[in-house]
J.: 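Please read through the structure below; I'll follow up with questions.
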There are 2 protein chains.
Amino acid sequence: MIFGLQDYNFSVLLIKSDFPDYLGQWSLLGDIVEVDESLDAAAYRILSDRTGLDSLYLEQVKSFGTVNRHPAGRVITIAYYALVNIDQVRLVKDDNELHWHQIDQIDRLAFDHNEILDTCIRRLRDRIRSEPVGLNLLPDEFTLRDLQSLYETVLGITLDRRNFRKKFFGTGLLIDLKKQENNVRHRPAKLYSFDFEKYNQIKEESIHFI
Amino acid sequence: MIFGLQDYNFSVLLIKSDFPDYLGQWSLLGDIVEVDESLDAAAYRILSDRTGLDSLYLEQVKSFGTVNRHPAGRVITIAYYALVNIDQVRLVKDDNELHWHQIDQIDRLAFDHNEILDTCIRRLRDRIRSEPVGLNLLPDEFTLRDLQSLYETVLGITLDRRNFRKKFFGTGLLIDLKKQENNVRHRPAKLYSFDFEKYNQIKEESIHFI
DNA sequence: ACAAAAGTGTTAGATTTACACCCATGA
DNA sequence: TCATGGGTGTAAATCTAACACTTTTGT
């Protein structure tokens, strides 16, 4: 599962199934794990094949293994999600077979992929509150508006702007880049980056980001 | 992974490995998933074979699939943990091949089982704070001392008694059974049960138990 | 000058933490 | 009567939530 933010909307990359029983339905990306390849390596390979990116945030979520979930026979799927900065993605098959879809507009997917998607979303929502994984969805330099919007769209909630800023600055993990965005037709926002180095030193302290 | 409380200590059931490379070392319980059996069904089967119990709390945690983790060849392990009330367990092989071990006294396990164990413990510690899964480790009727001790031993922390009671009563999910323990050489504690029915109605509200 | 989003503090309420004494039972 | 753990309340500190006006830019 490849998640990204497309125009401030929480989205996932889907591909049209070429499997006869589900022809033309949207499905998640996947492939078979090779015998001489670890699960993580397979996940990175599949991701890289599809997006051209190779250093990404990946988390294994769950294995799905009911007996008749795939019409071709017994298939066990080990689900991972990746968080990507959508601007850096070059879709390898960028005809209409491979598309970003907004999470809240997804209807029926092929196979048991709705269940897998829901499970991954729940995991991400959990994770994003206590670890700074959401930053993988943004460029390295971002505004506080970007950051707040990320949490709002992924969690499907709205946040108070002043409280959000206070809380996030309170972590001491934002680096003021002394730069501003430009070409916006309103007061330009300051740009920040996230201090991953400092975070790695203090991450045992159970931080809450929102 | 089968977790239980043995004399108020957080423990896990281990078996002596009969695999040549790890002969005599302790390892986690496992078995092969049959082709016509779901992952969950396999987990329940293995558990029931070992403990004689069949209605238990089980959670899938993670799949482990590095290439050379098992000397016999490519093996992918899908880890689950179960929480059992140790008093109800009848060990099927209760010679010295199958034993409860206190978590904090476990040394080196066979295969990559230390890593699997650590991952499961982390998951359980996370889960237990926001869902009432810990109650599966206790008998149906318990004292507040039992309950506090459960959280303390699983999380490896100490808690203030008055605050713990206040917090837990605050959930409104404890049923006063109007009974007391007996044959203790101090003031007997009241017995409670957990209101799972009520919990299921309100579980969306994101409760924190400690 | 106007429209749009950026930036900024204070206060009330809720939650969390720290802490000490009397009570009921069995030995 | 003694030892052991059960049961109980309050106050300070911290955290969370609610809320409105001025600033800076492009058009």
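The chains referred to below are lettered A, B, ... by the order of the sequence lines, with proteins before strands, and numbering in each begins at 1.
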J.: Any donor-acceptor pair, under 3.5 Å, between the side chain of A:R161 and the base of C:dG7, if you only look at N and O atoms?
T.: yes
J.: Let me know the distance between CD1 of B:I157 and C1' of C:dT17, rounded to the nearest Å.
T.: 14 Å
J.: Nearest heavy atom decides the nucleotide; on that basis, is A:R162 or A:H186 closer to the 5' end of DNA chain D?
T.: A:R162
J.: Measure the distance from CG on A:D176 to C1' on C:dA6 and round it to the nearest whole Å.
T.: 14 Å
J.: Give the rounded distance in Å between these two atoms: CZ of A:R129 and P of D:dT16.
T.: 12 Å
J.: Does B:R145 contact D:dG6 through a side-chain donor or acceptor facing the base, at a distance under 3.5 Å?
T.: no
J.: Can you tell if the side chain of B:I121 reaches within under 4.5 Å of the side chain of B:F10, non-hydrogen atoms only?
T.: yes
J.: Measure the distance from CD on A:E181 to C1' on D:dG26 and round it to the nearest whole Å.
T.: 12 Å
J.: For A:S27, is there any backbone N or O sitting under 3.5 Å from a side-chain donor or acceptor partner on A:H113?
T.: no
J.: What is the nucleic acid contact for B:D160, judged by heavy atoms within less than 4.0 Å: base, sugar-phosphate only, or nothing?
T.: base
J.: Tell me which of B:Q180 and B:H208 sits closer to the 5' end of DNA chain C, going by the nucleotide each one is nearest to.
T.: B:H208
J.: Roughly how many Å is it from CG in B:L159 to C1' in C:dT16, rounded to a whole number?
T.: 13 Å
J.: Mind calculating the distance between CG (B:N183) and C1' (C:dA24) to the nearest angstrom?
T.: 15 Å
J.: Could you state the NZ-C1' distance from A:K167 to D:dT14, rounded to the nearest angstrom?
T.: 12 Å
J.: Take atom CG of B:N182 and atom P of C:dA27, then tell me their distance rounded to the nearest Å.
T.: 11 Å
J.: Using modelled atom types only, decide if a donor and an acceptor are shared between the side chain of B:D54 and the backbone of B:L47 within a distance under 3.5 Å.
T.: no
J.: Check if the side chain of A:K166 and the base of C:dT10 share a donor-acceptor pair of N or O atoms closer than 3.5 Å.
T.: yes
J.: With the side chain counted from C-beta on, respond yes when A:N85 and A:P139 share a heavy-atom pair under 4.5 Å apart, and no when they do not.
T.: yes
J.: When you compare the side chain of A:L191 with that of A:T143, does any pair of heavy atoms fall below 4.5 Å?
T.: yes
J.: Where each residue is assigned the nucleotide of DNA chain C containing its nearest heavy atom, which of A:F169 and B:P188 is assigned the position nearer the 5′ end?
T.: A:F169
J.: Between the base of C:dA3 and the side chain of A:R187, is there any donor-acceptor pair under 3.5 Å?
T.: no
